Asks: 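Quick one: this structure, given as structure tokens, is what I'll be asking you about.
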Amino acid sequence: MSDRDYPEPDGEVDTLSPATLAARIGSGEPVSILDVRDRDEYDAWHVDGPGVTSRQLPYVKFVQAEIKGTVAERAPDLPEPLVVVCGEGKASAYVADLLTTAGVEAANLAGGMDAWADLLVAAEVPTDGPATVRQYRRPSSGCLGYLVERDGEAAVVDPLRAFADRYVADAADLGADVSYAIDTHVHADHVSGVREVAERTDAEVILPAGAADRGLAFDATLVGDGETLTVGGTTLRALGAPGHTHEMTAFAVGETAGSGVDVLLAGDSLFLRSVARPDLEAGLDGAPELAALLHRTLTEQFAELADDVIVAPGHYDTTTTAAESGVYAATLGELRGSLDALSMESDAFVDHVLSAMPPRPNNYEQIIATNLGRERVDDDEAFEMELGPNNCAAGGADAD
């Protein structure tokens, strides 16, 4: 992001916090965004969501309009109020002030896209089980992670490195020690925080057994299909869920006594409006095989799970609104009824998944290498290289 100096606004500028913007977008509320960054920055990554309409018009155009006295005419044809966005919240503050002075209702996104990327929102997954399951979402990318707590013990699942301190602090607030830092697979869209969480807590790092076959270069406890981890009185049972990658592993959260599964931490297998893409490990050549494995995961491996199991995915996309509880989750029965892909035969499923692959996540090869421990990057590099949408779903949304 630019460190360029911008003029100070002449007046008092209304501001909107990233958390407030995330809440509005999550609820599906209409939001009008004016992005005053350059076009290439906007095209690479911008604020999006189910009710968002955005326009890009660079800051310099408003400087010119101020000189000509045509600021109001420069305002995009969008419902007011406008939320003005830039990299750091400085240029956008000046533009928001110009617009307000010209009679256009506008507010500045405090901290800009830097602050948007630095936001992590937590909400409790509503479940009848005795464990607390907290979902963490990063609105700027759609990444989801989890904290499972019971009886003073906790596990952190799919943590982001940028927020390692947050998970640890939240566990402490719950009076819990973090026993496990878990990844469901070798992530390609964000830098994993399992090692950083473990360093702060002495937690055991848990990875799927297949991570070794992908060249894992650091010590971790590897778990396979059917193996269990105990968190207080709750069990996390590993369910091999290949498809997104060969080692992808979901975790079924339920009672040690075996009274059933309450929540499925699905990782990158099943999302709320789509299923996982299969090309980030073995490329397009290997994608058909992994797509067929994904079909088997969804129709056979998950067949044992009841309709009332809550699916807590690893990501959500910009077409998805949060539930009333604020979480991105749905019952397995709801997804079986809404996702066409789950009722397809294998060949049709493979064709469907491969038919409309989105662009691959930014810097995904370097992120994979970092998450395997084969490359090292500092915190600033890690933060920068994972910016942007996760793009881990295949074929776009197919939910009704």
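Bear in mind that the values here come from a model prediction, so they are computed numbers and not experimental data. Any value given below was found using the heavy atoms of this structure, including those in side chains, with hydrogens, waters and symmetry copies removed.
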Asks: Is the shortest heavy-atom distance from the side chain of E365 to the side chain of I368 under 4.5 Å?
Replies: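 E365 vs I368: side chains apart.
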
Asks: Please determine whether residues L293 and L239 belong to a single hydrophobic cluster, defined as Ile, Leu, Val, Met, Phe, Trp and Tyr linked transitively by side-chain heavy-atom distances below 4.5 Å.
Replies: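 L293 does not cluster with L239.
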
Asks: So does E324 have more than 12 non-hydrogen atoms from other groups sitting under 6.0 Å from CD?
Replies: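 No, CD of E324 has 12 or fewer neighbouring heavy atoms, counting only those of other groups under 6.0 Å.
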
Asks: Side-chain contact, heavy-atom cut-off 4.5 Å: Y364 with N391?
Replies: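 Of all side-chain heavy-atom pairs linking N391 with Y364, none is under 4.5 Å.
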
Asks: To the closest 0.5 Å, what do you measure between OG1 (T53) and CG (L82)?
Replies: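 If we round to the nearest 0.5 Å, T53:OG1 and L82:CG are 11.0 Å apart.
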
Asks: Tell me, yes or no, whether the heavy-atom count around D40 atom CG, taken from other residues, nucleotides or ligands under 6.0 Å, exceeds 12.
Replies: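 Yes - once you tally the heavy atoms of other residues, nucleotides and ligands closer than 6.0 Å, there are more than 12.
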
Asks: Report the C-alpha separation of E204 and L229 in whole Å, then their side-chain angles, then the decisive distance to 0.1 Å, and conclude whether the side-chain contact (heavy atoms from CB on, under 4.5 Å) test is met.
Replies: CA-CA 11 Å; E204 189 175 359; L229 305 169; 5.9 Å; no

Asks: Taking the inter-plane angle between the rings of Y42 and H46 on a 0 to 90° scale, is it parallel (under 30°), tilted (30 to 60°) or perpendicular (over 60°)?
Replies: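 Ring orientation of Y42 relative to H46: parallel.
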
Asks: Write down the atom of R166, the atom of L120, and the distance for their closest heavy-atom approach.
Replies: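 Looking at all heavy atoms of both residues, the closest pair is NH1-O, 3.0 Å.
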
Asks: Working to the nearest 0.5 angstrom, can you tell me the gap between T299 OG1 and L342 CG?
Replies: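 Between T299 OG1 and L342 CG, I get 9.0 Å after rounding to 0.5 Å.
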
Asks: Let me see the working for E149 and R134 under side-chain contact (heavy atoms from CB on, under 4.5 Å), right down to the final yes or no.
Replies: CA-CA 8 Å; E149 184 276 333; R134 181 172 293 179; over 6 Å; no

Asks: Run the side-chain contact (heavy atoms from CB on, under 4.5 Å) test on D279 and R360 for me, step by step, so that the C-alpha distance in whole Å, both residues' side-chain angles and the decisive distance to 0.1 Å come before the verdict.
Replies: CA-CA 9 Å; D279 65 322; R360 294 175 179 177; 3.2 Å; yes

Asks: Among D183, D158, N371, which residue satisfies the side chain to side chain donor-acceptor pair (under 3.5 Å) criterion with S192?
Replies: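 In the set D183, D158, N371, the residue that makes a side chain to side chain donor-acceptor pair (under 3.5 Å) with S192 is D183.
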
Asks: Is it true that atom CG of D43 has more than 12 heavy atoms of other residues, nucleotides or ligands lying nearer than 6.0 Å?
Replies: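 Yes.
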
Asks: Restricting to non-hydrogen atoms, name the atom on A250 and the atom on L264 that form the minimum distance, rounded to 0.1 Å.
Replies: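 Nearest pair, atom of A250 first, then L264: CB-CD1, 3.9 Å.
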
Asks: What I'd like to find out is whether the side chain of L265 reaches to under 4.5 Å of the side chain of V148, using heavy atoms alone.
Replies: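 Sidechains of V148 and L265: in contact.
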
Asks: Does CZ in R39 sit with more than 12 non-hydrogen atoms of other residues, nucleotides or ligands closer than 6.0 Å?
Replies: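 Yes, enclosed.
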
Asks: For L372 and A211, which heavy atoms make the closest approach, and how far apart are they?
Replies: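 Minimum heavy-atom contact is CD2-O, 4.1 Å.
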
Asks: So how far is it from L280 CG to M357 CE, rounded to the nearest 0.5 Å?
Replies: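 Interatomic distance, L280 CG to M357 CE, rounded to 0.5 Å: 7.0 Å.
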
Asks: How about CG on D307, more than 12 heavy atoms from neighbouring residues, nucleotides or ligands closer than 6.0 Å, or not?
Replies: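 Result for CG/D307: enclosed.
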
Asks: Would a 4.5 Å heavy-atom cut-off, applied to side chains only, mark Y59 and Y94 as touching?
Replies: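 Counting from C-beta outward, Y59 and Y94 do come under 4.5 Å.
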
Asks: With a 4.5 Å cut-off on side-chain heavy atoms, are Y146 and V263 touching?
Replies: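 Result no, sub-4.5 Å side-chain heavy-atom pair not found.
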
Asks: Testing the basics here: between A341 and V275, what is the closest heavy-atom pair and its distance to 0.1 Å?
Replies: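 Reported closest heavy-atom pair: CB-CG1, 4.4 Å.
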
Asks: Are H185 and D268 close enough that a side-chain donor and a side-chain acceptor fall under 3.5 Å?
Replies: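 D268 and H185 do have a side-chain donor-acceptor pair below 3.5 Å.
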
Asks: Mind checking the OG1-CD spacing from T249 to E227? Nearest 0.5 Å is all I need.
Replies: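 That separation rounds to 9.5 Å.
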
Asks: Just do the ring-ring contact (aromatic ring centres under 6.0 Å, His included) check on F163 and Y136 with the steps written out, would you?
Replies: CA-CA 10 Å; F163 302 100; Y136 295 89; 9.0 Å; no

Asks: Can you find a pair of side-chain heavy atoms, one from L34 and one from L57, that are under 4.5 Å apart?
Replies: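 Yes, at least one pair of side-chain atoms sits under 4.5 Å.
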
Asks: Grab the two heavy atoms, one from D262 and one from P130, that are nearest each other, plus how far apart they are.
Replies: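 Looks like OD2-CD, 4.3 Å.
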
Asks: Identify the heavy atoms of V31 and R24 that sit nearest to each other, and give their distance.
Replies: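 Heavy atoms of V31 and R24 come nearest at CG2-CB, 4.1 Å.
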
Asks: Are H352 and H295 packed together at the side-chain level, in the sense that at least one heavy-atom pair is separated by less than 4.5 angstrom?
Replies: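 No; the side chains remain at least 4.5 Å from each other.
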
Asks: Within the supplied structure, the quantity of interest is the number of heavy atoms (other residues, nucleotides, ligands) at a distance under 6.0 Å from D128 CG; does it exceed 12?
Replies: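 Counting other residues, nucleotides and ligands, CG of D128 stays at 12 neighbours or fewer.
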
Asks: Would you say the side-chain atoms of T320 and D317 include a donor-acceptor pair closer than 3.5 Å?
Replies: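 There is such a pair between these side chains.
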
Asks: If you count every heavy atom of other residues, nucleotides or ligands that lies below 6.0 Å from E304 atom CD, does the total exceed 12?
Replies: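 Enclosed.
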
Asks: Could you measure the distance from the CG atom of L16 to the CG atom of D14? Nearest 0.5 Å is fine.
Replies: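 Interatomic distance, L16 CG to D14 CG, rounded to 0.5 Å: 9.5 Å.
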
Asks: Is it true that the side chains of N108 and S92 contain a donor and an acceptor less than 3.5 Å apart?
Replies: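 A donor-acceptor contact under 3.5 Å links the two side chains.
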
